[in-house]
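Taking it in order: structure first as structure tokens, then the write-up.
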Amino acid sequence: MAIIVNLDVVMAKRKMSLNELSEKVGLTLANLSILKTGKAKAIRFSTLELICNVLECQPGDILEYVDDQQSTITR
């Protein structure tokens, strides 16, 4: 997959647990866990906005594009 989710990294930098983020954002632990592990297929802009607001970050801090072809060439 070309989109990498760095939610766990941003949460670690902010020293915030998944439980705390879940409470502040108003999403279930299950849904946040799916996003955090990179298993989500989509995210609503409104959800991304809430997460960025709580974590005081930019969407680019959470989501990263990696070119699949480049990553296979350099391996």
Side-chain angles (χ1 to χ4, degrees):
M1 179 182 239
I3 302 295
I4 306 298
V5 180
N6 294 314
L7 181 59
D8 55 342
V9 174
V10 178
M11 288 172 51
K13 287 180 181 178
R14 305 298 190 273
K15 296 181 180 169
M16 187 174 293
S17 70
L18 199 60
N19 285 331
E20 186 178 354
L21 182 61
S22 172
E23 289 175 15
K24 290 184 176 188
V25 174
L27 292 174
T28 65
L29 280 173
N31 285 337
L32 276 177
S33 181
I34 289 168
L35 180 60
K36 187 179 115 172
T37 59
K39 294 179 181 176
K41 299 296 180 194
I43 183 171
R44 292 179 184 199
F45 283 153
S46 59
T47 301
L48 185 58
E49 181 181 2
L50 286 169
I51 292 171
C52 287
N53 187 335
V54 169
L55 293 175
E56 298 178 351
C57 67
Q58 294 295 313
D61 297 330
I62 296 172
L63 302 175
E64 176 184 1
Y65 172 76
V66 177
D67 187 354
D68 281 343
Q69 289 180 330
Q70 282 288 26
S71 63
T72 56
I73 292 172
T74 57
R75 286 184 191 169

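Count residues from 1 along the sequence. None of these values were measured; they are calculated from a predicted model.
- Put simply, Ile51 and Phe45 are part of two different groups of oily side chains (I, L, V, M, F, W, Y) that touch within less than 4.5 Å, one to the next.
- One hydrophobic cluster holds both Val10 and Met16 under the rule that ILVMFWY side chains link at heavy-atom gaps under 4.5 Å.
- Met11 approaches Leu18 most closely through the heavy-atom pair CE-N, 3.4 Å.
- Looking at Leu50, Leu32, Leu35 one by one, the single match for side chain to side chain contact (heavy atoms under 4.5 Å, CB included) with Leu27 turns out to be Leu32.
- Taking each heavy atom of Cys52 and Pro59 in turn, the nearest pair found is SG-N, 3.5 Å.
- Rounding to the nearest 0.5 Å gives a distance of 9.0 Å between NZ of Lys24 and CG of Leu55.
- A continuous path of hydrophobic side-chain contacts links Leu21 to Leu63 [ILVMFWY only; heavy atoms under 4.5 Å].
- Between the side chain of Arg14 and the main chain of Val54, no donor-acceptor pair closer than 3.5 Å is present.
- Rounded to the nearest 0.5 angstrom, Asp8 CG and Lys36 NZ are separated by 6.0 Å.
- Proximity of a side-chain donor or acceptor of Thr37 to a complementary backbone N or O of Ser33 within less than 3.5 Å is detected.
- For CD of Glu64, the number of neighbouring non-hydrogen atoms (other residues, nucleotides, ligands) closer than 6.0 Å is greater than 12.
- With hydrophobic clusters built from ILVMFWY side chains whose heavy atoms lie under 4.5 angstrom apart, Leu29 shares a cluster with Ile43.
- Put simply, Val9 and Val5 are part of two different groups of oily side chains (I, L, V, M, F, W, Y) that touch within less than 4.5 Å, one to the next.
- Cys57 places none of its side-chain heavy atoms less than 4.5 Å from the side chain of Lys13.
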